Amino acid sequence: MQHEVAPPGVNPNVPHSARIYDYWLGGKDNFAVDRAVGEAMIQAIPGMRYMAGENRRFVHRAARDLVAKEGIRQFLDVGTGIPTSPNLHEIAQSIAPETRVVYVDNDPIVLVHARALMLSHPEGRSEYISADIRDPRSILDDPVLTDTLDLTKPVGLTLIAILMLLADEDDPWSTVAALRDAMPSGSCLAITHPTADFSPDEVHQAVAAATSAGMTLVARTQEAVARFFGDWQLLDPGLVPVSAWRPDAQVDNPQAAYYWAGVARKP
């Protein structure tokens, strides 16, 4: 942000994942500390900007298919990040204008930009909640959510590059289970998660760069990521490298982006 002026509640000396991601995507809503950590991680993983882009493209493909093929008409996006158009609701409403979306994040800078997330098609609705994934009940009980979404009908729950911020000792699997359990039959869960499975040395260096800056960043194995889906049924092609999930064009090297990605449906 120009002159490094921080909105209320933001410490410009503490890096935040949403702002680092914004930096990788070429955004301007980040501080020197975010750029420093982002650059350190790029030094470790030269393809980091490409990976961030592939993660974003997965969101677009998943939203499109959940609406067009699974009949989903409402979404809960936890860990939204700083808005990057097209946002999830724009993709979904371009197919089904009546789609409703609730975005959730805990970074006050995302809140500053929440108006961009709320520019909904008049037939649908788009809302924002300031909350933390570590407290799923605060999300599920929020009056904005209960007023916007009908939890008796299928929901598209999206957890995109967010679970990496929860340490194993915090039991993120129980956190995700609480969100899953609140969703009715026919709901779908979309997850992306960084992994060291494809390039251990690079990823371990990137994690070390984030950790040394005081952040929690956990890369997980395919098996550990699969646990987040519980007993939900993975849709084809399963839990795969993010670039290999229903790509729009052939991908020469799917493992060039170090993320697992998958979508599962609740029986």
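Fair warning: this is a prediction, and the values are worked out from it, not measured in the lab.
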- [ ] Give the minimum heavy-atom separation between S138 and A131, together with the two atoms involved.
- [x] OG-CB, 4.1 Å
Task: I191 side, atom CD1; L157 side, atom CG - distance, nearest 0.5 Å - done: 7.5 Å
Task: L76 side chain reached by L145 side chain, heavy atoms, under 4.5 Å - done: yes
Open item on the list: Looking at E39 and R49, is there a salt bridge between them, counting it only when a charged N and a carboxylate O are closer than 4.0 Å?
Closed with: yes
TODO: Show the numbers, then the answer: is there a side-chain contact (heavy atoms from CB on, under 4.5 Å) between L119 and E90?
DONE: CA-CA 9 Å; L119 293 175; E90 295 172 301; over 6 Å; no
TODO: Identify whether I91 and M118 are in the same connected component of the hydrophobic contact network (ILVMFWY, side-chain heavy atoms under 4.5 Å).
DONE: no
TODO: Report yes if some heavy atom in the side chain of L88 is under 4.5 Å from a heavy atom in the side chain of I160; otherwise report no.
DONE: no
Open item on the list: With rounding to the nearest 0.5 angstrom, report the CE to CD1 distance, M51 to I42.
Closed with: 10.5 Å
Open item on the list: Any donor-acceptor pair under 3.5 Å linking the side-chain atoms of T158 with those of D77?
Closed with: yes
Open item on the list: Using 0.5 Å steps for rounding, measure from the CG atom of L151 to the CD atom of Q74.
Closed with: 7.0 Å
Task: Any donor-acceptor pair under 3.5 Å from S187 side chain to M183 backbone - done: no
Open item on the list: Just so I know, are the side chains of Y23 and K28 near enough to count as touching, which here means a heavy-atom distance under 4.5 Å?
Closed with: no
Open item on the list: Let me confirm one number: the CG-CG distance from L165 to D170, rounded to the nearest 0.5 Å.
Closed with: 11.0 Å
- [ ] Give a yes or no answer on whether the side chain of D142 reaches the backbone of V144 with a donor-acceptor pair at less than 3.5 Å.
- [x] yes
Open item on the list: Among R19, H16, R35, exactly one meets side chain to side chain donor-acceptor pair (under 3.5 Å) together with N30. Which residue is that?
Closed with: R35
Open item on the list: Just by distance, no angles: are the side chains of N55 and Y21 close enough, under 3.5 Å, to form a donor-acceptor pair?
Closed with: yes
TODO: Over all heavy atoms of both residues, which pair between P241 and P254 is shortest? Give the atoms and the distance, please.
DONE: CB-O, 3.5 Å
TODO: Using atom types as modelled and distance alone, determine if a side-chain donor or acceptor of Q222 lies under 3.5 Å from a backbone N or O of D197.
DONE: no
TODO: Answer yes when R180 and D231 have at least one side-chain N-carboxylate O distance shorter than 4.0 Å, and no when they do not.
DONE: no
Task: Path from V37 to V218 over hydrophobic side-chain contacts below 4.5 Å - done: no
Task: Side-chain ion pair, R56 and E54, N-O less than 4.0 Å - done: no
- [ ] Can you see which heavy atom on G53 is nearest to which on L25, and at what distance?
- [x] N-CD2, 4.0 Å
- [ ] Quick one: which residue pairs count as a ring pair (Phe, Tyr, Trp, His ring centres under 6.0 Å) with a foot in residues 51-87, not counting sequence neighbours?
- [x] F58-W245
- [ ] Check the pair L239, L234 against side-chain contact (heavy atoms from CB on, under 4.5 Å), reporting the backbone distance first and the verdict last.
- [x] CA-CA 7 Å; L239 186 59; L234 280 163; 4.3 Å; yes
Task: From K266, E70, K69, residue fulfilling side-chain contact (heavy atoms from CB on, under 4.5 Å) relative to C188 - done: E70
Open item on the list: Rounded to the nearest 0.5 Å, what separates atom CD1 in I109 from atom CG in D34?
Closed with: 7.5 Å
Task: Residues forming a ring pair (Phe, Tyr, Trp, His ring centres under 6.0 Å) with F198, sequence neighbours excluded - done: W260
Open item on the list: Hydrophobic clustering (ILVMFWY, side-chain heavy atoms < 4.5 Å, transitive) - are L159 and V59 grouped together?
Closed with: yes
TODO: Report yes or no: do S120 and Q93 form a side-chain donor-acceptor pair below 3.5 Å?
DONE: yes
Task: Test item: P194 and V203 side chains (from C-beta on) under 4.5 Å apart, heavy atoms - done: no
Open item on the list: Would you say that L179 contacts L140 through its side chain, given a criterion of any heavy-atom pair below 4.5 Å between the two side chains?
Closed with: yes
Task: Gap between atom OG of S17 and atom CE of M164 - 0.5 Å precision - done: 5.5 Å
Task: Side chain proximity check, V155 to I72, heavy atoms < 4.5 angstrom - done: no
- [ ] Is it possible for you to say whether I95 and V263 belong to one hydrophobic cluster, with membership spreading through side-chain heavy-atom contacts below 4.5 Å?
- [x] yes
TODO: Considering non-hydrogen atoms only, spot the tightest contact between A178 and P136 and give its length.
DONE: CB-CG, 3.9 Å
Task: Heavy-atom side-chain contact between I20 and M215 under 4.5 Å - done: yes
Task: Trace of the side-chain contact (heavy atoms from CB on, under 4.5 Å) decision for V104 with Y128 - done: CA-CA 6 Å; V104 182; Y128 178 81; over 6 Å; no
Task: Pairs flagged by side chain to side chain donor-acceptor pair (under 3.5 Å) wherever residues 94-104 is involved - sequence neighbours left out - done: R73-E98, H89-Y103
- [ ] Would you kindly say whether N87 and S85 are connected by a side-chain donor-acceptor distance under 3.5 Å?
- [x] no
Open item on the list: Strictly below 4.0 Å, N to O, side chains only: are R220 and D168 in salt-bridge contact?
Closed with: yes
Task: Side chains of R125 and E127 in contact at under 4.5 Å (non-hydrogen atoms) - done: yes
- [ ] Heavy atoms only: give me the nearest I82-D29 pair and the separation to one decimal.
- [x] CD1-O, 3.4 Å
Task: Closest heavy-atom pair and its distance - P184, P154 - done: CG-N, 3.9 Å
Open item on the list: Using the rule given for side-chain contact (heavy atoms from CB on, under 4.5 Å), can you reason through V10 versus F31, listing the C-alpha separation, both sets of side-chain angles and the distance that settles it, and then say yes or no?
Closed with: CA-CA 10 Å; V10 174; F31 299 114; 3.6 Å; yes
